[in-house]
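I have placed the structure first, in the form of structure tokens, so that the comments after it can refer back to it.
Below, chains carry the letters A, B, ... as their sequence lines are ordered, and counting in each starts from 1.
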Amino acid sequence: MATTSSPVRVRFAPSPTGFFHIGSARTALFNWLYAKHTGGTFVLRVEDTDKERNTEEALRVLFEGMRWLGLDWDEGPEAGGNYGPYFQSQRADVYDNYLEKLKATGRVYEQDGALYFKVSGEPQVIEDAVRGRVERLEEKDFVIYRSNGTPVFHFVNVVDDIAMKITHVIRGEDHLSNTSKHVELFKALGAEVPVFAHIPLILKSNGPGKMSKRDEGALIEDYQKRSFLPDALRNYLCLLGWSPKEDREILPVGEIIELFELSDINKNNARFDEQKLAHINAEYVRQLPIETLAWHARPVLTEAGLMAEDASEDFLHAVLSISQEKMRGLDSLPEFLGYFFTDDYAEDAKVREKIFKKGDPCARVQEALMALESLEDFSEASLEACLQGVAEASGEKIGSYLLPLRFAVSGVGVGPSFYSVLRVLGKDIVIRRLQRFIQAGG
RNA sequence: CUCCCGUUCGUCUAGCCAGGUCCAGGACACUGGAUUUUCAUUCCAGUAACAGGGGUUCGAAUCCCCUACGGGAGACCA
């Protein structure tokens with residue numbers, strides 16, 4: 001494997017489009033991981049040569065997305081560094097200087113007002129850390145400066161990598177075919193060719209082709225809005241094209257950094273699987289310390305209009321601590337726990353149907369209501385004993401009481417351990433809801 | 001059409017470089033069962049893959065070739 005003795009410098013060079021695509025995020029992540037792994041430098045360079053795209057909003061989406069994922073950059077916009085500016089739109093003089101260098105080799109010529117680079121005609125060897133040795137012949141001369149005087153991607157990309165002393169170019173496989181152009185340019189400019197690592201693409205979950213902005217789940221900002229945990233998304237993204245091996249999948253980022261090697265990156269494209277992402281996200285949610293969970297859950301609940309802004313932290317903790325082990329994503333919290341915070345919660349029609357199929361739920365709720373009204377101690381053990389007694393008194397299984405009662409009290413058929421639900425809800429609310437259920441005739 | 005890359009369960013992958021311990025391991029999803037308290041948790045079990053064909057070899061998921069299929073690139077976009 002080709003290596004350089006100089007310290008590792010990698011870069012993520014996005015074009016601000018107004019979206020932060022999941023594939024771009026994964027490319028940024030792999031660069032970041034490699035920089036961390038090697039103790040190198042992670043550079044963020046904004047490729048905004050395509051005029052209109054460079055809006056404030058587009059940059060905000062990009063920067064916020066990266067920071068949310070924890071992908072901090074050592075050099076770049078808002079971070080500084082010795083190789084700036086880090087916006088290509090501000091580097092015109094750099095490009096002009098390198099153009100002069102290239103002209104001096106006699107391999108630049110003008111046609112129709114555009115500047116062309118004359119290719120060598122020799123097959124170019126790409127030493128790729130992921131794919132091994134790849135050979136490709138660049139057959140046609142190509143444009144490096146448009147007739148309007150602005151340089152094109154292939155030129156600025158290579159010039160910046162040289163000027164910024166980039167040692168490893170980690171990017172999507174869609175650039176592999178372009179690399180023969182880039183190698184020609186590196187050589188013509190007398191620069192050392194960096195190590196390339198072309199990582200597999202992320203394909204859409206159904207249908208052909210790579211994931212595009214329009215596909216479901218393709219944008220990082222969607223996951224931010226849906227309150228996914230960034231650590232979870234990042235962990236999932238690591239698994240797309242790379243593996244920690246030893247049958248492990250969920251692991252702290254520190255360990256991933258330690259294990260991450262370019263040579264372990266897969267060659268074949270990966271298909272995006274939202275279900276697996278959801279599973280990993282849920283695992284992370286369930287492992288959160290209760291304070292952190294509350295910190296994440298509060299805005300989700302208040303924005304859904306279920307919980308008052310100044311709602312008690314203690315009550316929130318109580319609700320979360322009995323629910324956490326059964327939680328899925330944070331975005332499902334309003335549906336899963338809404339009834340703890342409001343009387344005006346949605347009912348699950350299927351569960352309603354189900355409880356009426358098996359006997360008279362009102363009668364059972366009535367029996368339980370009478371027993372609970374006179375129960376002073378609303379602890380789990382006491383509640384269980386009480387309801388057990390109700391069931392035994394009428395010669396029934398406790399199971400036939402639980403679903404009607406849960407529905408009467410929460411409108412749904414699933415949730416935390418039922419006795420815990422009753423305890424946290426408290427006697428007043430429980431009694432009130434059971435009465436309401438009976439009065440409404442179910 | 002040309003060039004480049006790839007191909008292990010439905011999906012993500014381990015194994016491949018250093019051929020035998022792989023009638024192929026894990027995870028998600030799915031199915032069934034358990035926790036005699038429902039349930040989105042937990043536990044157990046099950047279904048399910050080396051693209052096809054030719055070599056090389058005592059022996060190939062692992063090495064070589066061909067075909068098929070998939071992906072990417074082929075802009076005065078990035």
Side-chain angles (χ1 to χ4, degrees), chain A residues 13-17 24 47-51 53 88 111-116 123 126 128 130-132 134-140 142-154 156-157 171-181 198 200-203 205-206 208-210 236 238-250 263-264 266-280 282-283 286 323-329 332 335-336 351 354-355 384 387-388 391 397-407 410 412-419 421:
Chain A
S15 169
T17 56
S24 301
E47 304 216 334
D48 57 350
T49 53
D50 188 24
K51 41 270 163 208
R53 291 186 177 181
Q88 290 190 328
Q111 193 173 69
D112 299 327
L115 262 31
Y116 279 75
I126 300 153
D128 196 288
V130 174
R131 277 144 225 287
V134 177
E135 212 177 283
R136 186 171 185 277
L137 173 67
E138 194 61 42
E139 292 178 295
K140 292 185 297 185
F142 56 92
V143 171
I144 52 172
Y145 267 68
R146 304 182 184 88
S147 49
N148 70 6
T150 60
V152 303
F153 163 74
H154 297 113
V156 296
N157 191 266
R171 60 184 5 169
E173 199 240 29
D174 49 345
H175 284 297
L176 184 55
S177 299
N178 291 148
T179 308
S180 44
K181 285 189 182 73
H198 285 95
L201 302 181
I202 300 177
L203 268 27
S205 27
N206 31 302
K210 60 176 174 177
Y236 173 70
C238 287
L239 267 18
L240 250 32
W242 177 82
S243 164
K245 307 183 197 283
E246 295 178 344
D247 297 340
R248 301 213 301 156
E249 293 192 322
I250 295 178
S263 56
D264 288 336
N266 292 142
K267 298 175 178 65
N268 48 311
N269 296 336
R271 212 164 276 276
F272 182 77
D273 184 353
E274 174 128 28
Q275 280 186 312
K276 183 136 184 178
L277 202 207
H279 171 260
I280 290 175
E283 290 275 305
R286 287 179 213 122
S323 326
Q324 186 174 22
E325 63 171 10
K326 289 187 179 179
M327 276 184 195
R328 299 217 269 227
S332 69
E335 178 198 355
F336 191 51
V351 178
K354 191 173 173 186
I355 61 172
E384 177 168 8
L387 292 178
Q388 201 79 48
K397 290 184 303 178
I398 181 73
S400 56
Y401 281 80
L402 291 172
L403 193 61
L405 285 171
R406 184 188 283 279
F407 181 80
S410 69
V412 289
V414 300
S417 161
F418 186 58
Y419 304 115
V421 170

Report summary line: When rounded to the nearest 0.5 Å, the distance separating CD of Gln111(A) from OG of Ser147(A) is 11.5 Å

Query raised in the report: Rounding to a whole Å, what distance do you find between Lys267(A):NZ and C16(B):P?
Result: 12 Å

Requested in this report: Check the distance between C3(B)'s P and Glu135(A)'s CD and give it to me in whole angstrom.
Outcome: 14 Å

Requested in this report: Have a look at Asn178(A) and say if it touches a base, only the backbone sugar-phosphate, or nothing, with a 4.0 Å heavy-atom cut-off.
Outcome: base

Report task. Looking at every strand, decide which applies to Ser400(A) at a 4.0 Å heavy-atom threshold: base, sugar-phosphate, or nothing. Result -> nothing

Query raised in the report: For Ser417(A), which contact category applies under a 4.0 Å heavy-atom criterion: base, sugar-phosphate, or nothing?
Result: base

**Report entry** Pair of N/O donor and acceptor under 3.5 Å linking C76(B) base with Ser147(A) side chain
**Finding:** yes

Query - Lys210(A) side chain near A73(B) phosphate (N/O to OP1/OP2, under 4.0 Å) - result: yes

Query raised in the report: Without hydrogens or angle criteria, can the side chains of Glu173(A) and Asn269(A) be said to hold a donor-acceptor pair below 3.5 Å?
Result: no

Query - For atom CG of Asp112(A) and atom P of A75(B), their distance in whole Å - result: 15 Å

Query - Between C1' of A78(B) and CD of Glu47(A), the distance in whole Å - result: 7 Å

Query - Whole-angstrom distance between C4(B) and G10(B), as gauged at atom P - result: 31 Å

Query raised in the report: How long is the line joining CD1 of Ile280(A) and P of A29(B), in whole Å?
Result: 10 Å

Report task. Please tell me which of the listed nucleotides, C4(B), U37(B), C76(B), lies nearest to the side chain of Leu176(A)? Result -> C4(B)

Requested in this report: State the pairing partner of U56(B); accept Watson-Crick or G-U wobble contacts with both distances under 3.5 Å, and report none otherwise.
Outcome: none

Query raised in the report: Any side-chain donor paired with an acceptor under 3.5 Å for Ser410(A) and Arg406(A)?
Result: no

Report task. Could you pick out which residue, Lys181(A) or Leu203(A), lies toward the 5' side of RNA chain B when each is mapped onto its nearest nucleotide? Result -> Leu203(A)

**Report entry** Sugar-phosphate only, base, or nothing, as touched by Tyr419(A) at under 4.0 Å among non-hydrogen atoms
**Finding:** base

Query raised in the report: Given A73(B), is OP1 or OP2 found less than 4.0 Å from the side-chain N or O atoms of Arg171(A)?
Result: no

Requested in this report: Return no unless some side-chain N or O of Arg146(A) is found under 4.0 Å from OP1 or OP2 of A75(B).
Outcome: no

Query raised in the report: In whole angstroms, how far is the P atom of C12(B) from the NZ atom of Lys276(A)?
Result: 10 Å

Query raised in the report: So what does Gly209(A) touch, heavy atoms closer than 4.0 Å: a base, only the sugar-phosphate, or nothing?
Result: sugar-phosphate

Query raised in the report: Which atom pair, heavy atoms only, marks the closest approach of Pro416(A) to Val421(A)?
Result: O-CG2, 3.7 Å

Query raised in the report: How about Arg131(A) and Pro200(A): do any of their side-chain heavy atoms sit closer than 4.5 Å?
Result: yes

Report task. Determine the contact category for Lys397(A): base if any of its heavy atoms lies under 4.0 Å from a base atom, sugar-phosphate if only primed atoms, P, OP1 or OP2 are that close, otherwise nothing. Result -> nothing

Requested in this report: For His154(A), report the nucleic acid contact type (base, sugar-phosphate, nothing); a contact means any heavy atom under 4.0 Å.
Outcome: base

Query raised in the report: If you look at every strand shown and take non-hydrogen atoms under 4.0 Å, does Tyr401(A) touch a base, only sugar-phosphate, or nothing?
Result: nothing

Report task. Measure the distance from CG on Asp273(A) to P on A29(B) and round it to the nearest whole Å. Result -> 9 Å

Query raised in the report: Base, sugar-phosphate, or nothing: which does Arg328(A) touch, judged by heavy atoms less than 4.0 Å apart?
Result: base

Report task. Mind checking Glu249(A) for me? I need base, sugar-phosphate or nothing, with any heavy atom below 4.0 Å counting as a touch. Result -> base

Find every protein N or O atom lying less than 3.5 Å from an N or O atom of nucleotides 13-15 of chain B, and list the pairs.
residue: U13(B); atom: OP1; partner: Gly241(A); partner atom: N; Å: 2.6
residue: A14(B); atom: OP1; partner: Asn266(A); partner atom: ND2; Å: 3.4
residue: A14(B); atom: OP2; partner: Asn266(A); partner atom: ND2; Å: 3.4
residue: G15(B); atom: OP1; partner: Lys245(A); partner atom: NZ; Å: 3.1

Report summary line: Atom CZ of Phe153(A) and atom C1' of G74(B) are separated, to the nearest Å, by 14 Å

Query raised in the report: Can you give one letter per nucleotide of nucleotides 42-50 of chain B, 5' to 3': B if a protein heavy atom sits under 4.0 Å from the base, S if only from the sugar-phosphate, - if neither?
Result: S--------

**Report entry** Thr179(A) and its side chain to side chain donor-acceptor pair (under 3.5 Å) partner, picked from Arg136(A), His154(A), Arg171(A)
**Finding:** Arg171(A)

